[in-house]
Protein chains: 2
Amino acid sequence: MPERFSIQPLYLQLRDALAERIASGEWKSGDIIPNEVDLARELGVSQGTVRRSLDLLESEHVVTRRQGRGTFVNDPDSQAYRFNNFRLANGAAAPTDASTLDIVMAEASDSECARLQLITGDQVYRISRIRSHLGRAFMIEGASLPAALFPQLVERALQSHRLVEIAQAYSLLLGNAEERILIGTCSPLAAEALNLAQGRPVLILDRVIKTRNGRPAEWRRAECVLNGMHYKAHFG
Amino acid sequence: MPERFSIQPLYLQLRDALAERIASGEWKSGDIIPNEVDLARELGVSQGTVRRSLDLLESEHVVTRRQGRGTFVNDPDSQAYRFNNFRLANGAAAPTDASTLDIVMAEASDSECARLQLITGDQVYRISRIRSHLGRAFMIEGASLPAALFPQLVERALQSHRLVEIAQAYSLLLGNAEERILIGTCSPLAAEALNLAQGRPVLILDRVIKTRNGRPAEWRRAECVLNGMHYKAHFG
DNA sequence: AAGTGGTCTAGACCACTCA
DNA sequence: GAGTGGTCTAGACCACTTG
């Protein structure tokens, strides 16, 4: 019989336990995890409860289940896909390249504290990146990441500073994102980086991505021009 | 024993049957629908299967379930909330008013055919609306609705021409929406209606809302200025 | 106390994939 | 044919709401 360690339903505890085993690297991207019957026996719960927690993890984009084959841990690339919402005129996802301009560590500003749920004195990494599509730069972004979540980020000298790659390197599972979309005129920085005329209107994307546990992992402010693409949102 | 009328799983057939009973008006907005045990007995399936279909309907925003109380049919207002994504600086939903400028019926254009999945010769209603916030007009929208879905729309002289109200009047349940967000300069029409300077940058919102069955119900093109609000999107 | 949805179990059978 | 996830059942018990 399973013990109840908390007031949470078993299937939620189970979901978190399984997510933790994925985050910790016990099961890696692309791996097949044990089948429902084995997991149920190992964990001392019924198969139906295991199923329920796996279904939840699938809805959270952590795993993918395929009838007749098994339950697979999702790739970081499939995660990245969720957060790239630039689309071509035909609706297909626009392939984009990102490159890092700069990384520094600093004390969190007031707005960083507010958006990343930090307290005054906490440290953040500030990353500036530039994204291009078909070789043409169209977006410049400034991202702030809590240093507590990504210790020694600069020292580790990762290949890429896309959040998806960073999260992978730190064994962190990403959750939802909320974005504020505004319209503005380009900053001097953006004008230079993207080769825009002074005062050119830009789309401002202000987004917070949280971890699966609900902890803010990245606050990004971006300015972009669309160059024939559009930005896709989905409601429902 | 339930008969299987199709290859679809029982819980999906059941979900559609229950949705149909709501759409038809048998259960109205705000009503409590029968409890799981009664539904299961009536429909000749197990309680677990009824539960599964009701959980699905809840995830589709058709009903709301409350432990200890019952399962309630959602209001059109709660539906409208899903499709209003203008937010104030503090993140709260911005209350907006909509008023109709004009309605006409016409033969669907090529782009209307494409976006609404119609064929040449089909009829559409074209509605132009203007939205204001705190008494100030900030968005002008042109909506196209398939006439086949909303017969005699003009003749019925509804109070409001917000899609949510129209759908309610026609016993139609709304599903998901997909929106394309672009940046542009205001059209002469928008400049006049919203009192904007020529060439003022605007946010262009191009959205298709589908019914619960996946049939396109409205294609809307809007131009707006934000006046301190922002447009909210959610990913995950 | 009665009634509702929420959790959990145990087990049967089906549909799909692959060796 | 063996192994996987997907569907469906029947029933026990829990948690919450209301009279």
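Throughout, a chain's letter reflects where its sequence line sits, starting with A, and its residues are numbered from 1.
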Next item on the list: Answer with base, sugar-phosphate or nothing: what part of the nucleic acid does B:R52 contact at a heavy-atom distance below 4.0 Å?
Entry: sugar-phosphate
Distances under 3.5 Å only, N/O to N/O: pair up the protein atoms with those of nucleotides 17-19 of chain D.
{"residue": "D:dT18", "atom": "OP1", "partner": "B:R69", "partner atom": "NE", "Å": "3.0"}

Next item on the list: Indicate whether any N or O donor in one side chain lies under 3.5 Å from an N or O acceptor in the other, for A:R65 and A:T71.
Entry: yes
Check: Taking only residues two or more places apart in sequence, or in another chain, which ones meet B:Y170 in a ring pair (Phe, Tyr, Trp, His ring centres under 6.0 Å)?
Finding: B:F150
Notebook entry, point to check: Once you round it to whole Å, what is the distance between C1' of C:dA10 and CG of A:L43?
Noted result: 17 Å
Note to self: A:L145 and side-chain contact (heavy atoms from CB on, under 4.5 Å): which single residue from A:I166, A:I103, A:I209, A:V124 fits?
What the structure shows: A:I166
Check: Would you say D:dT7 has OP1 or OP2 under 4.0 Å from some side-chain N or O of B:T49?
Finding: no
Check: For B:L10 and D:dT9, what is the distance between atoms CG and C1' respectively, to the nearest whole Å?
Finding: 11 Å
Check: What is the distance, rounded to the nearest whole Å, between atom CZ of B:R66 and atom P of C:dG6?
Finding: 12 Å
Check: So, is A:T71 near the phosphate of D:dT4, with a side-chain N or O under 4.0 Å from OP1 or OP2?
Finding: no
Checklist line | Residues which pass ring pair (Phe, Tyr, Trp, His ring centres under 6.0 Å) with B:Y125, listed by chain and number, not counting sequence neighbours | finding: none
Item checked: Between D:dC13 (P) and B:Q47 (CD): distance, integer Å -> 15 Å
Check: With sugar-phosphate meaning primed atoms plus P, OP1 and OP2, does A:R51 contact a base, only sugar-phosphate, or nothing at under 4.0 Å between heavy atoms?
Finding: base
Checklist line | A:R21 with A:E42: basic N within carboxylate O range, under 4.0 Å | finding: yes
Item checked: d(CG, A:L39; P, D:dG3) in whole Å -> 17 Å
Checklist line | Under-4.0 Å side-chain N/O to phosphate OP1/OP2 contact, B:N35 with C:dT4 | finding: yes
Notebook entry, point to check: Does B:D97 use its side chain to pair, donor to acceptor, with the backbone of B:S132 at less than 3.5 Å?
Noted result: no
Item checked: Separation of C:dG6 C1' from A:L56 CG (nearest whole Å) -> 14 Å
Check: Can a salt bridge be assigned to the pair A:K210 and A:E60 using a cut-off of 4.0 Å between side-chain N and carboxylate O?
Finding: no
Next item on the list: Return the value, rounded to whole Å, for the distance between atom CZ of A:R41 and atom C1' of C:dA10.
Entry: 14 Å
Check: Phosphate oxygens OP1/OP2 of C:dT7: is one of them under 4.0 Å from a side-chain N or O of A:Y11?
Finding: yes
Notebook entry, point to check: Can you check the A:R65 CZ to C:dA15 P distance for me, whole Å?
Noted result: 18 Å
